[in-house]
Amino acid sequence: ATGSTPLGLYAELAKLCAEGKLSFAKCTTFNLDEYIGLDGTHDQSYRYFMNKNLFEKVDIRMEATHVPSGAVKSDEEAEQYDAEIKAAGGIDLQLLGIGNNGHIGFNEPDDHFSKGTHCVDLTESTIQANSRLFDSIDDVPRQAYTMGTQTIMYARMILVVANGEAKAQAVHDMCYGPVTPECPASILQLHTNCVVVADEAALSLCE
Ligand code: GLP
């Protein structure tokens, strides 16, 4: 997962790795999503984010890290991503953040749950939320590739991290709302091994 929420976790993993208490030498990773139109050298691409915040700070083999490619729009290439995950043996642990509108990866509220990795049109709410990281809102890509909801649900274990009041409604709806594609994270109620770690502000609507 990218976003500001997992930054503390990534810093902690890098620290443990530097102290020799953890190794990523045998790990393979698959990221959830990537903006379309940004190549991996763009400082707002998710490939760049992962390299800077985790991969370059631990002993992972760079060739074992996978991020959907957004540099050139290719739906065929995106569809290959699920085959690559399957060929690697599936995902043991999927780390997830949650969007203010309940999105996971870039699976936005919709009238159906998505399946495999695919292209999405970002909602105004997500464009607005993510514009804080760009020079101007016009620079925020309008589309992205994301693992589908089904891809995410195939993971053997899911860890969701959330913090801050802005996530309170989404966290409540994820845990206690109806299971509906209007809140994509609500499908996680049906996963058999999903853990949510959140701060008090994000949990403030969960009584
Ligand atoms: C982005 C990412 C998600 C992330 C979410 C929350 O749009 N595509 O994977 O979970 O926003 O980000 P943050 O942790 O910065 O609130």
Side-chain angles (χ1 to χ4, degrees), residues 1-13 29-38 40 42-55 65-70 78 81 85 91 93-110 113-114 117-134 137 139-153 155 158-175 183-188 191 194-205:
T2 55
S4 27
T5 316
L7 282 173
L9 170 59
Y10 292 154
E12 191 63 26
L13 292 174
T29 64
F30 288 88
N31 263 80
L32 286 162
D33 45 16
E34 180 60 284
Y35 288 118
I36 294 176
L38 304 188
H42 190 288
D43 66 2
Q44 289 309 325
S45 75
Y46 287 169
R47 162 53 78 181
Y48 184 92
F49 173 100
M50 289 308 301
N51 286 354
K52 291 293 157 203
N53 292 300
L54 186 67
F55 301 150
T65 68
H66 303 80
V67 181
S69 171
Y81 201 62
I85 293 172
I91 289 171
L93 173 63
Q94 178 66 62
L95 176 65
L96 289 181
I98 181 169
N100 295 351
N101 61 3
H103 74 225
I104 47 176
F106 265 137
N107 292 285
E108 298 279 35
D110 205 340
F113 286 111
S114 64
T117 301
H118 62 291
C119 171
V120 286
D121 295 326
L122 302 179
T123 60
E124 274 312 307
S125 138
T126 298
I127 292 165
Q128 190 72 45
N130 291 2
S131 66
R132 71 189 194 279
L133 304 165
F134 289 80
I137 194 160
D139 295 337
V140 184
R142 268 39 187 178
Q143 289 189 310
Y145 284 123
T146 182
M147 274 187 199
T149 310
Q150 186 182 50
T151 321
I152 294 170
M153 288 292 281
I158 296 179
L159 172 61
V160 187
V161 288
N163 56 39
E165 212 183 327
K167 301 291 171 71
Q169 190 65 53
V171 169
H172 170 273
D173 295 351
M174 165 175 69
C175 299
C183 174
S186 64
I187 192 93
L188 299 172
H191 197 279
C194 178
V195 172
V196 178
V197 176
D199 68 0
E200 286 188 17
L203 290 170
S204 57
L205 297 177

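Atoms within each ligand, like the ligands themselves, are counted from 1 in listed order. Every value quoted in this text rests on a predicted model; they were computed, and no experiment measured them.
For Phe30 and Tyr81, the distance between ring centers is under 6.0 angstrom.
Here the side chain of Asn31 pairs no donor or acceptor atom with the backbone of Thr2 at under 3.5 angstrom. The closest donor-acceptor contact from the side chain of Asn107 to the backbone of His103 lies at 3.5 Å or more, if one exists at all.
Here atom 2 (C) of ligand 1 lies nearest to Tyr46 when heavy atoms of Tyr46, Phe49, Tyr35 are compared. When the options Ala1, Ala129, Gly105 are ranked by their closest heavy atom to atom 3 (C) of ligand 1, first place goes to Gly105.
For the ligand labelled ligand 1, residue Arg132 lies inside the 4.0 Å heavy-atom shell.
Scanning all protein heavy atoms for the shortest distance to atom 8 (N) of ligand 1 gives Asp33 OD2, 2.8 Å. If you check which protein heavy atom lies closest to atom 12 (O) of ligand 1, you get Gly3 CA, 3.8 Å. In this structure, atom 4 (C) of ligand 1 lies nearest to the protein heavy atom Thr2 O, 4.0 Å.
Looking at ligand 1, you'll find an N or O of Asn130 within less than 3.5 Å of one of its N or O atoms.
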| field | Derivation of the side-chain contact (heavy atoms from CB on, under 4.5 Å) call for Tyr35 and Phe106 | value | CA-CA 9 Å; Tyr35 288 118; Phe106 265 137; 3.7 Å; yes

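Distance NZ/Lys167 to CG/Leu205: 14.0 Å, rounded to 0.5 Å.
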